[in-house]
Amino acid sequence: MTPLLRSMTLDDVAEVLALERTLFPADAWSEGIFRDELAQPDRYYLVAEEADGTLVGYAGLRAVPPEGDVQTIAVAPERWGKGIGRALLTALLDEARRRGITAMFLEVRSDNPRARDLYQKFGFVEVGVRSGYYVGADAIIMRRLEPIEEER
Ligand SMILES: CC(C)(COP(=O)(O)OP(=O)(O)OC[C@H]1O[C@@H](n2cnc3c(N)ncnc32)[C@H](O)[C@@H]1OP(=O)(O)O)[C@@H](O)C(=O)NCCC(=O)NCCS
């Protein structure tokens with residue numbers, strides 16, 4: 001069954017952190033970073049929750065019109081390839097549009113083809129590289145201008 005997408009709350013942070021540490025072992029965000037992010041009005045964080053209450057994904061947007069950033073997006077490994085990442089990204093982009101964003105940016109590790117593939121399918125194009133930005137990898141900067149043609 002497709003998980004429900006809903007706003008992330010402080011009560012979700014412990015479960016989100018567990019996923020974060022599994023998914024980003026080299027550069028996981030701390031509890032404090034998540035708490036700070038949730039406290040800011042120009043942020044929009046979602047979780048993907050299964051019917052039994054298990055969190056299987058999360059994503060965050062920073063929206064400072066006219067620009068927005070995909071702060072993070074992550075799905076539990078055992079749920080990869082089921083459309084949850086796509087659903088989370090669609091929800092972030094919908095919210096960005098509602099908040100008047102005309103240019104979306106993100107950074108992705110150069111050694112993360114799965115995420116780069118997802119972003120390309122949503123119309124993000126590479127606009128720069130930050131060498132050595134991550135531990136063991138460059139950051140690829142990607143941008144999507146709004147509005148674009150319908151996502152595939
Ligand atoms: C990147 C990530 C969020 C994608 O989540 P997901 O739920 O697996 O994504 P979806 O099932 O919605 O698939 C969306 C796209 O991801 C890519 N993808 C999914 N499964 C893939 C696989 N097995 N191999 C390669 N690419 C794959 C494809 O481009 C896919 O598009 P498609 O549906 O047209 O095939 C997830 O793999 C993840 O959490 N990775 C670890 C954290 C991470 O790297 N986050 C991004 C940081 S910038």
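Below, each value reflects all heavy atoms present in this structure, side chains not excepted, and no hydrogens, waters or symmetry copies.
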Do you know the tightest heavy-atom contact between [X] and [Y]?
{"X": "Arg144", "Y": "Phe122", "answer": "NH1-O, 2.8 Å"}
{"X": "Phe124", "Y": "Met142", "answer": "O-CE, 3.6 Å"}
{"X": "Ala103", "Y": "Leu145", "answer": "CB-CD2, 3.9 Å"}
{"X": "Leu55", "Y": "Arg6", "answer": "CD2-NH2, 3.9 Å"}
{"X": "Leu61", "Y": "Ala96", "answer": "CD2-N, 3.9 Å"}
{"X": "Leu17", "Y": "Ser30", "answer": "CD2-C, 3.8 Å"}

**OP:** Considering only NZ, NE, NH1 and NH2 on the basic side and carboxylate oxygens on the acidic side, decide whether Asp138 and Arg109 come within less than 4.0 Å.
**Re:**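 The answer is no: the pair does not qualify as a salt bridge.
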**OP:** Identify whether the distance between the nearest side-chain nitrogen and carboxylate oxygen of Asp117 and Lys121 falls below 4.0 Å.
**Re:**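 Judged by the 4.0 Å cut-off on N to carboxylate O distance, Asp117 and Lys121 do form a salt bridge.
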Could you give the side-chain donor-acceptor pairs of residues 69-77 under 3.5 Å, partners two or more places apart or in another chain?
| unit_1 | atom_1 | unit_2 | atom_2 | d |
| --- | --- | --- | --- | --- |
| Asp69 | OD2 | Arg62 | NH1 | 2.9 |
| Gln71 | NE2 | Glu37 | OE1 | 3.1 |

With hydrophobic residues grouped by side-chain heavy-atom distances under 4.5 Å, do [X] and [Y] end up in a single group?
{"X": "Leu23", "Y": "Val13", "value": "yes"}
{"X": "Leu10", "Y": "Phe34", "value": "yes"}
{"X": "Leu46", "Y": "Leu4", "value": "no"}
{"X": "Val108", "Y": "Phe24", "value": "yes"}
{"X": "Ile141", "Y": "Tyr133", "value": "no"}

Rounded to the nearest 0.5 Å, how far does [atom2] of [Y] lie from [atom1] of [X]?
{"X": "Leu89", "Y": "Ile84", "atom1": "CG", "atom2": "CD1", "answer": "13.5 Å"}
{"X": "Arg130", "Y": "Ser110", "atom1": "CZ", "atom2": "OG", "answer": "13.5 Å"}
{"X": "Met8", "Y": "Arg43", "atom1": "CE", "atom2": "CZ", "answer": "12.5 Å"}
{"X": "Glu107", "Y": "Tyr134", "atom1": "CD", "atom2": "OH", "answer": "5.0 Å"}
{"X": "Glu49", "Y": "Asp12", "atom1": "CD", "atom2": "CG", "answer": "7.0 Å"}

**OP:** Answer yes if the side chains of Asp52 and Thr54 hold a donor-acceptor pair under 3.5 Å, and no otherwise.
**Re:**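 Yes, a side-chain donor-acceptor pair sits under 3.5 Å.
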Subject >> Side chains of Tyr58 and Glu15, donor plus acceptor under 3.5 Å >> reply: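 Looking only at side-chain atoms, Glu15 and Tyr58 do not form any donor-acceptor pair under 3.5 Å.
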Subject >> Partners meeting side chain to side chain donor-acceptor pair (under 3.5 Å) with Arg99 (sequence neighbours left out) >> reply: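 Partners of Arg99 by the side chain to side chain donor-acceptor pair (under 3.5 Å) criterion, ordered by chain and then number, come out as Glu95.
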**OP:** Could you list the residues that satisfy side chain to side chain donor-acceptor pair (under 3.5 Å) with Arg143, not counting sequence neighbours?
**Re:**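 If we apply the side chain to side chain donor-acceptor pair (under 3.5 Å) test to Arg143, skipping adjacent residues, there are no hits.
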Subject >> Side-chain heavy atoms of Val47 within contact of Leu5, under 4.5 Å >> reply: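 Counting from C-beta outward, Val47 and Leu5 never come under 4.5 Å.
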**OP:** Assign the ring pair Tyr45 / Trp29 to parallel, tilted or perpendicular, where the plane angle (0 to 90°) is split at 30° and 60°.
**Re:**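 Taking Trp29 first and then Tyr45, their aromatic rings sit tilted (interplane angle of 30° to 60°).
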